[in-house]
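We number each residue from 1, following the sequence as shown. Keep in mind that what you see is a predicted model, and the values were worked out from it rather than measured. Note that these values count all heavy atoms, side chains included, but never hydrogens, waters or copies made by symmetry.
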Amino acid sequence: MNNDYYCIIMAGGVGSRFWPMSRNSRPKQFLDILGTGKTLLQMTYERFVGICPEENILIVTSRDHGDLVREQLPDLLDEQLLLEPMRKNTAPCIAYANYRIKKRDPEALIVVAPSDHLILREEEFKQAILKGLEFVRGGEALLTLGIKPSRIETGYGYIQAANGQVVASDPDFRPVKTFTEKPDYDLAKVFFESGEFYWNSGLFIWSLKGILHAYAKYLPEVEHLFSEKERFIGTREEEKHIIEIYRNSGNISIDYGVMEKAENVYVLCAEFGWSDLGTWGSLYEYLSKDRNNNLVSGDQVMLYDVKGSIVKLPKDKLAVIQGLENYIVIESDNILLICRKDDEQKIKQFVNDVRIEKGEQYI
């Protein structure tokens, strides 16, 4: 295993589309959403233990969730856990981890991964990551992993690979032409049929030198904030200076801040059974269902004339449900959600309305 390989796991999201299971106090990455006995964060961490030295895996999360990370990853060293004082999107998050890594290994090769994705084919995933890490060695290429679309999908961002262009050393690597945020159905159909577009997995690979140079060029204000305080990173004074950095940093994603602007961006076209598990519908797609295509979790659930629905209830909750088709029924703690599967994008609005009308205790 290469000691220069590092992994940054971003675990600061709130997962509001998985409400009411995902709450501010315990977002979805800290839940056993898949029913495996392990949380999404634990599964992600274990996935990368087979790729880089365990001590080279860094978890970046909100200060509010530091104890959850320690509870779920009890062997994690203090220097592997980075606590953000406030949410400022992925660019500051990655910059923070970059400077922690720089203290240890200026020659580091880094993979950045969300903490809440589903990977069905672990070995193929591992080989794709290792292949990507070697691709960025010795240069400043910025690599993202693109997933070949299996359907018309409006819930993902897309990457357009440059038509007809491949990297001479390996046809699986292609220069990136454009990034597109979540499209409407008609545009997603065009993307799917063209064969030039890939789902944006949110997985990035680069050398430390390459990403630091990219920040200096495309996000100089973020780079300056961290470089100015570099001497305090990894010391007892780090916390107060990180608070100052975050207070002065803009709220900006790595996609918008760097990847959409840089000219040395490449995509590795891969297939390893990926889903970002962004919605209840994406969970429905990947888990086994009963003969009426219902995804059911709960020991006391009785269904009559129910089809194509998601029903997730506490184990001891007796529920008799009749006549629903393509619905989501979720109960968690003191909250019950019932909505049409086709309308699940409205859940974020429901959460916002609940916050305004009923209070933060339900969020």
Side-chain angles (χ1 to χ4, degrees), residues 13-41 43 64-65 68 114-118 120 150-156 182-185 188 275-363:
V14 295
S16 60
R17 288 186 177 87
F18 271 92
W19 185 83
M21 278 196 67
S22 180
R23 310 280 282 273
N24 285 343
S25 60
R26 191 176 287 262
K28 70 169 180 173
Q29 61 268 29
F30 302 109
L31 301 176
D32 178 14
I33 289 284
L34 299 172
T36 63
K38 297 178 181 178
T39 68
L40 294 176
L41 173 64
M43 294 174 70
D64 295 337
H65 299 133
L68 275 175
S115 59
D116 53 2
H117 287 187
L118 171 67
L120 293 176
S150 59
R151 62 186 183 278
I152 299 169
E153 174 61 63
T154 61
Y156 296 156
K182 299 172 182 178
D184 61 24
Y185 180 86
S275 171
D276 76 344
L277 290 182
T279 63
W280 287 110
S282 62
L283 184 69
Y284 174 86
E285 180 180 350
Y286 286 98
L287 296 185
S288 59
K289 294 166 275 290
D290 67 16
R291 56 192 178 92
N292 290 315
N293 286 321
N294 297 308
L295 174 60
V296 182
S297 176
D299 295 339
Q300 305 292 329
V301 178
M302 301 173 66
L303 302 181
Y304 298 87
D305 302 318
V306 176
K307 300 176 182 177
S309 295
I310 301 168
V311 180
K312 194 169 183 64
L313 302 174
K315 289 185 177 181
D316 59 349
K317 171 71 70 172
L318 173 62
V320 180
I321 303 173
Q322 187 268 336
L324 295 183
E325 185 168 354
N326 297 325
Y327 264 77
I328 298 171
V329 181
I330 310 292
E331 182 178 341
S332 180
D333 295 330
N334 56 341
I335 299 172
L336 173 65
L337 168 72
I338 303 173
C339 76
R340 289 189 294 267
K341 266 197 325 189
D342 290 345
D343 291 334
E344 69 171 337
Q345 295 298 333
K346 295 180 180 179
I347 290 177
K348 289 192 75 171
Q349 182 61 51
F350 300 159
V351 172
N352 188 56
D353 292 345
V354 168
R355 176 183 286 109
I356 294 170
E357 296 187 21
K358 302 298 180 182
E360 289 287 338
Q361 70 269 30
Y362 295 102
I363 306 304

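Between the side chain of Glu344 and the backbone N or O of Cys339, no donor-acceptor pair lies under 3.5 Å. With Asp343 contributing its side chain and Lys346 its backbone, the two residues share no donor-acceptor pair below 3.5 Å. In this structure, the side chain of Arg23 engages the main chain of Gln361 through a donor-acceptor pair within 3.5 Å. A donor-acceptor pair is defined here as one N or O able to donate and one able to accept, closer than 3.5 Å; such a pair exists between the side chain of Ser309 and the backbone of Tyr327. Checking side-chain atoms of Ser22 against main-chain N and O of Lys28 turns up a donor-acceptor pair under 3.5 Å. Under the 3.5 Å distance criterion, the side-chain polar atoms of His65 are matched with a main-chain donor or acceptor of Asn24. Proximity of a side-chain donor or acceptor of Asp32 to a complementary backbone N or O of Gly37 within less than 3.5 Å is detected.
A 4.5 Å side-chain heavy-atom check between Asn294 and Leu303 finds at least one atom pair inside the cut-off. Within the 4.5 Å cutoff, the side chain of Val306 has no heavy atoms near those of the Asn292 side chain. Within the 4.5 Å cutoff, the side chain of Ile363 has heavy atoms near those of the Val354 side chain. Looking only at side-chain heavy atoms (C-beta outward), Leu283 and Leu34 come within less than 4.5 Å of each other. Looking only at side-chain heavy atoms (C-beta outward), Met302 and Ile321 stay at 4.5 Å or farther from each other. At least one side-chain heavy atom of Tyr156 sits under 4.5 Å from a side-chain heavy atom of Ser275. Residues Leu324 and Val329 meet the side-chain proximity criterion, which asks for heavy atoms closer than 4.5 Å. Contact annotation: the side chain of Leu120 approaches that of Leu118 to within less than 4.5 Å [non-hydrogen atoms, C-beta and beyond].
Sorted by first and then second residue, the salt bridge (Lys or Arg N to Asp or Glu O under 4.0 Å) pairs with a member in residues 275-304 read Arg151-Glu285; sequence neighbours excluded. The salt bridge (Lys or Arg N to Asp or Glu O under 4.0 Å) contacts involving residues 310-323 comprise Lys317-Glu331, where partners must be two or more places apart or lie in separate chains.
The OG atom of Ser282 lies 8.5 Å from the CD atom of Glu153; values are rounded to the nearest 0.5 Å. Atom-to-atom distance recorded for Thr279:OG1 and Lys348:NZ is 12.0 Å, nearest 0.5 angstrom.
Gln300 is linked by a side-chain contact (heavy atoms from CB on, under 4.5 Å) to Leu318, counting only residues two or more places apart in sequence or in another chain.
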Could you go through Asp333 and Met21, starting from their C-alpha distance and side-chain angles, then the distance that decides it, and tell me whether this counts as side-chain contact (heavy atoms from CB on, under 4.5 Å)? CA-CA 8 Å; Asp333 295 330; Met21 278 196 67; over 6 Å; no
What do the steps show when you test Tyr362 against Asn334 for side-chain contact (heavy atoms from CB on, under 4.5 Å), and what is the final call? CA-CA 8 Å; Tyr362 295 102; Asn334 56 341; 3.4 Å; yes
Dump the intermediate steps for side-chain contact (heavy atoms from CB on, under 4.5 Å) on Arg26 and Leu31, then the final yes or no. CA-CA 7 Å; Arg26 191 176 287 262; Leu31 301 176; 3.5 Å; yes
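Here the closest non-hydrogen pair linking Leu68 and Ser25 is CD1-O, 3.4 Å. Scanning all heavy atoms of the two residues, the minimum distance from Ile347 to Ser16 falls at CG2-O, 3.7 Å. The two residues Gly155 and Lys182 come nearest to each other via the heavy atoms O-CE, 3.1 Å. Pairing each heavy atom of His117 with each of Leu277, the nearest pair is C-CD1, 4.4 Å. A pairwise comparison of heavy atoms in Ala188 and Thr154 identifies CB-CG2, 4.2 Å as the closest pair. Taking all atoms of both residues into account, the shortest heavy-atom contact from Leu337 to Pro20 is CB-CD, 3.8 Å.
For the side-chain contact (heavy atoms from CB on, under 4.5 Å) with Ile310, the lone residue among Ile328, Leu287, Asn326, Val296 that qualifies is Ile328.
Annotation: Lys341, atom NZ; neighbour count of heavy atoms from other residues, nucleotides and ligands within 6.0 Å is above 12. For Phe350, the CZ atom counts as densely surrounded, since its 6.0 Å shell holds more than 12 non-hydrogen atoms of other residues, nucleotides or ligands. Other residues, nucleotides and ligands contribute more than 12 heavy atoms inside 6.0 Å of the CZ atom of Arg355.
Between Trp280 and Phe18, the ring center distance clears the sub-6.0 Å criterion.
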